[in-house]
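The block underneath contains the structure these notes are about, expressed in structure tokens.
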Amino acid sequence: MMVGDLARLLVDHPDQVQATVEDRGRGSVVALRVATGDMGQVIGRSGRVARALRTLVVAAGRDGSRLTLDIVDE
């Protein structure tokens with residue numbers, strides 16, 4: 001999954017990054033799981049990185065399916 005690959009480039013612990021797609025009724029959610037210490041790098045200053053990742057996920061769902069991104073710390 002593209003979001004997982006991008007997140008692995010951003011964090012200090014790339015082996016702990018997991019991106020899964022979960023079907024939830026009206027649409028699907030991309031759950032991005034990162035180590036607790038890497039949350040700041042995935043969210044970015046003022047949420048800029050998270051907003052960019054969310055934009056990519058929404059663009060990937062343009063074929064009629066609704067996709068959203070949920071960033072989860074472990």
Side-chain angles (χ1 to χ4, degrees):
M1 169 147 270
M2 178 180 61
V3 174
D5 294 335
L6 290 173
R8 282 183 193 89
L9 296 172
L10 298 171
V11 299
D12 293 330
H13 305 286
D15 55 321
Q16 294 183 17
V17 173
Q18 295 178 335
T20 57
V21 179
E22 302 169 359
D23 188 27
R24 294 188 185 165
R26 292 179 147 185
S28 298
V29 175
V30 177
L32 179 62
R33 289 175 172 76
V34 298
T36 304
D38 292 332
M39 283 298 287
Q41 293 168 322
V42 173
I43 294 173
R45 183 171 288 163
S46 300
R48 289 181 183 171
V49 175
R51 197 169 326 131
L53 290 173
R54 285 190 172 102
T55 300
L56 289 172
V57 168
V58 169
R62 293 284 174 164
D63 63 349
S65 62
R66 182 176 173 192
L67 286 175
T68 56
L69 176 66
D70 189 15
I71 301 172
V72 182
D73 65 338
E74 293 187 324

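One is the number of the first residue; the rest follow in order along the sequence.
Here the closest heavy-atom approach between residue Gln16 and residue Ala35 is recorded as OE1-CB, 2.9 Å. Taking all atoms of both residues into account, the shortest heavy-atom contact from Arg33 to Glu22 is NH2-OE2, 3.6 Å. Between Arg54 and Leu69 the shortest heavy-atom distance is NE-O, 3.3 Å.
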Between Gln41 and Val49, does the side-chain contact (heavy atoms from CB on, under 4.5 Å) criterion hold? Intermediate values first, please. CA-CA 8 Å; Gln41 293 168 322; Val49 175; over 6 Å; no
Could you give me the CA-CA distance, side-chain angles and deciding distance for Thr68 and Val58, then say whether side-chain contact (heavy atoms from CB on, under 4.5 Å) is met? CA-CA 6 Å; Thr68 56; Val58 169; 5.8 Å; no
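Considering Leu32, Leu56, Val17, Val42 as possible partners of Leu6, the one that fulfils the side chain to side chain contact (heavy atoms under 4.5 Å, CB included) test is Leu56.
Here the side chain of Arg8 pairs a donor or acceptor atom with the backbone of Gly4 at under 3.5 angstrom. Side-chain atoms of Asp38 do not come within 3.5 Å of backbone N or O of Val11 as any donor-acceptor pair.
Shown here are the side chain to side chain contact (heavy atoms under 4.5 Å, CB included) partners of Asp23, two or more places apart in sequence or in another chain: Ser28.
Of the inter-residue distances, the one linking Thr20 atom OG1 with Asp70 atom CG reads 9.5 Å to the nearest 0.5 angstrom.
The cluster map of Ile, Leu, Val, Met, Phe, Trp and Tyr, joined by side-chain heavy atoms under 4.5 Å apart, puts Met2 and Val21 in the same cluster. With hydrophobic clusters built from ILVMFWY side chains whose heavy atoms lie under 4.5 angstrom apart, Ile71 does not share a cluster with Val29.
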